[in-house]
S.K.: 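I'd like to ask some things about the structure below.
Labels below follow one simple rule: chain letters A, B, ... track the order of the sequence lines, proteins then strands, and each chain is numbered from 1.
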Protein chains: 2
Amino acid sequence: MHVTVDLAVLTIRDGALSALLIRRAAAPYRGRWALPGGFVHDDEDLPDAAARELVEETGLHGRAGHLEQLASYGSPKRDPRGRVVTIAYLALLPDLPAPIAGSDAASAAWYAVSTVDSLRLAFDHDRILADGIERARAKLEYTPLGAAFCPPEFTIAQLREVYEAVWGTKLDPRNFHRKATTTPGFVVPTGRSTAGERGRPAQLYRRGTATLLYPPMLRP
Amino acid sequence: MHVTVDLAVLTIRDGALSALLIRRAAAPYRGRWALPGGFVHDDEDLPDAAARELVEETGLHGRAGHLEQLASYGSPKRDPRGRVVTIAYLALLPDLPAPIAGSDAASAAWYAVSTVDSLRLAFDHDRILADGIERARAKLEYTPLGAAFCPPEFTIAQLREVYEAVWGTKLDPRNFHRKATTTPGFVVPTGRSTAGERGRPAQLYRRGTATLLYPPMLRP
DNA sequence: CAAATAGTGTCTCTGAGACAGTATGAG
DNA sequence: CTCATACTGTCTCAGAGACACTATTTG
């Protein structure tokens, strides 16, 4: 029985929640878009395998963002090559330089998740990606992980745009500001502020130390 | 690379959150307590393997309660026999007749989770069980799964005792009653009520159809 | 009757949503 | 100046916690 890791890698690009896809260079599903991933090495722990595949296939580092286990998928027919169980990981990353295709990928690209449905991803990757998106949506409610989509220092407006992109809703900027700045451990001010933008400069914040938001930020 | 399923099976017994353990009949860790589980068959999906192992090793059926995937564990050294990745499942069951030891188990028993720490379970099962308990605690907040610990028809007081056992807190019976009966889709009245108990008879309820509680029932 | 448990009503306080108003930058 | 965006304050309403009170049973 073979074991792989697959990665649902999400970021915000141009205000849209987007997923990292690679075009498969080899059979099966050659030429189809798929999630990055690959076989787990014999002496390697699962999170290490996920981080390694992310770098190998796309040149991206998870360090800047967040990487967590999503779920495992092991239907007997999910891979035509034989029995393959995959451990899916979910990565949330800030909008970084364009990914670089690695060894097993003909190319790598970001796709807005709203357009992925029409691609018909390889294997059961449509399902894995859908589960990853739902996990991300849920996690923004009760963790400060929205900041994983942002650069190290960010404004409250940037953070709000993350929530709006992930949830697909508009949020009131004033109420969001109050909520973000008063929920303990959500964000911490750096003292610095933006300049050269349109409108009043905004305070810059870093991600807070809380792992759970209390009270949570429930979806409208 | 071998793939197994392991089960964190929880119930409420005598007011205490309890886990189902088996005593290992074979090496490695022979004689130690462990979670029920076993190898995934070649033609078998993961949830089927979990349900099969539950029946084989303990005689319990997941039908009455709830069975969901928990997480996967694949540290290279976690099994002395070689590389074994395990997909852990979490089962929440009503308090059923005592489990019956199956093929691979010398015996099977319920242990209050507060006493499990001192047993030093086999493999990384302490960690898996701890993750399962934390998942159960979190899920009671925003799903109606507390009812998975109850018989098909139950009183609000029984449901409250589930929450108290899982969270390890006391809850106000009156506020809990209001919350349980007014949150849409949480419980539905059957029209029947208890009799022969001490005090005023209680209405019987069934589990509602909601999958998510809104607003959630946050831990105090 | 008392004791016990089920269930209702009511008050208060916190926090979310709506939205007016003020602050501070660019052009 | 105007315009745009950041931020603050205020009102109202929903829901959680505290807890008095009523209802219905057993002994």
Side-chain angles (χ1 to χ4, degrees), chain A residues 15 140-142 144 146-147 150 153-164 167-206 210 212-220, chain B residues 15 140-142 144 146-147 150 153-164 167-206 210 212-220:
Chain A
L140 289 210
E141 292 198 302
Y142 54 91
C150 297
E153 300 199 352
F154 53 87
T155 66
I156 301 296
Q158 280 178 279
L159 186 59
R160 175 170 45 82
E161 285 156 15
V162 166
Y163 275 80
E164 292 178 339
W167 286 348
T169 57
K170 283 289 168 191
L171 300 173
D172 185 289
R174 299 159 294 184
N175 290 335
F176 184 89
H177 188 281
R178 182 183 30 161
K179 177 69 180 170
T181 51
T182 62
T183 300
F186 195 178
V187 295
V188 290
T190 64
R192 275 184 290 283
S193 51
T194 58
E197 307 283 316
R198 222 161 39 164
R200 174 174 169 179
Q203 295 291 112
L204 285 167
Y205 294 82
R206 253 185 240 290
L212 237 58
L213 297 184
Y214 194 89
M217 179 120 176
L218 298 177
R219 275 176 269 192
Chain B
L140 290 209
E141 292 198 303
Y142 54 93
C150 296
E153 300 199 353
F154 52 89
T155 67
I156 300 296
Q158 279 178 280
L159 186 59
R160 175 169 45 82
E161 284 156 15
V162 167
Y163 275 80
E164 292 177 338
W167 287 348
T169 57
K170 283 289 170 193
L171 299 173
D172 184 289
R174 298 158 295 181
N175 290 335
F176 184 89
H177 188 281
R178 181 182 31 157
K179 176 71 180 170
T181 51
T182 62
T183 299
F186 195 1
V187 296
V188 290
T190 63
R192 275 185 290 282
S193 51
T194 57
E197 307 284 316
R198 219 162 39 165
R200 174 175 168 178
Q203 294 292 110
L204 285 166
Y205 294 82
R206 254 185 241 289
L212 236 58
L213 298 184
Y214 194 89
M217 179 118 175
L218 298 177
R219 276 176 266 193

S.K.: Going through the checks in order, is the side-chain contact (heavy atoms from CB on, under 4.5 Å) test met by A:Glu141 and B:Tyr142?
M.R.: CA-CA 12 Å; A:Glu141 292 198 302; B:Tyr142 54 93; over 6 Å; no
S.K.: Start at the 5' end of DNA chain C and walk down; is the nucleotide closest to A:Thr182 or to A:Gly196 reached first?
M.R.: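 Its nearest nucleotide lies further toward 5', so the answer is A:Thr182.
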S.K.: Going through the distances and angles, do B:Phe154 and B:Val162 end up as a side-chain contact (heavy atoms from CB on, under 4.5 Å)?
M.R.: CA-CA 11 Å; B:Phe154 52 89; B:Val162 167; over 6 Å; no
S.K.: Counting just side-chain N and O atoms, does B:Lys179 come under 4.0 Å of either OP1 or OP2 of D:dA16?
M.R.: yes
S.K.: To check you understand the geometry: which heavy-atom pair defines the closest contact between B:Ala180 and B:Val187, and what is its length?
M.R.: O-CG2, 3.5 Å
S.K.: Round to a whole Å and report the spacing from NZ of A:Lys170 to C1' of D:dT5.
M.R.: 14 Å
S.K.: For a quick test of reading the model, state the closest non-hydrogen atom pair linking A:Thr169 to A:Pro220 and the distance between them.
M.R.: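 Looking at all heavy atoms of both residues, the shortest contact is OG1-CG, 4.4 Å.
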S.K.: Let's see if you get this right: which residues in residues 212-220 of chain B place a heavy atom under 4.0 Å from DNA chain C?
M.R.: none
S.K.: Rounding to a whole Å, what distance do you find between B:Asp172:CG and D:dC19:C1'?
M.R.: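 Taking CG of B:Asp172 and C1' of D:dC19, I get 8 Å after rounding.
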S.K.: Under the 3.5 angstrom rule, does the side chain of A:Glu164 hit a backbone N or O of A:Leu171 as a donor-acceptor pair?
M.R.: yes
S.K.: Go along nucleotides 1-12 of chain C 5' to 3' and tag each nucleotide: B for a protein heavy atom under 4.0 Å from its base, S when only backbone or sugar atoms are that close, - otherwise.
M.R.: ---BBBBB----
S.K.: Begin from the C-alpha positions of A:Leu159 and A:Phe186 and carry the test side-chain contact (heavy atoms from CB on, under 4.5 Å) through to its verdict.
M.R.: CA-CA 11 Å; A:Leu159 186 59; A:Phe186 195 178; 4.0 Å; yes
S.K.: List the steps and the verdict of side-chain contact (heavy atoms from CB on, under 4.5 Å) for A:Arg219 and A:Tyr163.
M.R.: CA-CA 9 Å; A:Arg219 275 176 269 192; A:Tyr163 275 80; over 6 Å; no
S.K.: Could you grab the distance from atom OG1 of A:Thr155 to atom CD of A:Glu161, nearest 0.5 Å is fine?
M.R.: 7.0 Å
S.K.: Whole angstroms only, please: what is the CZ-P distance between B:Phe186 and D:dG15?
M.R.: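 Computing the B:Phe186:CZ to D:dG15:P distance gives 15 Å.
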S.K.: Write down the distance between CD (A:Glu197) and P (D:dA6), rounded to a whole number of angstrom.
M.R.: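 Nearest whole value for this atom pair: 9 Å.
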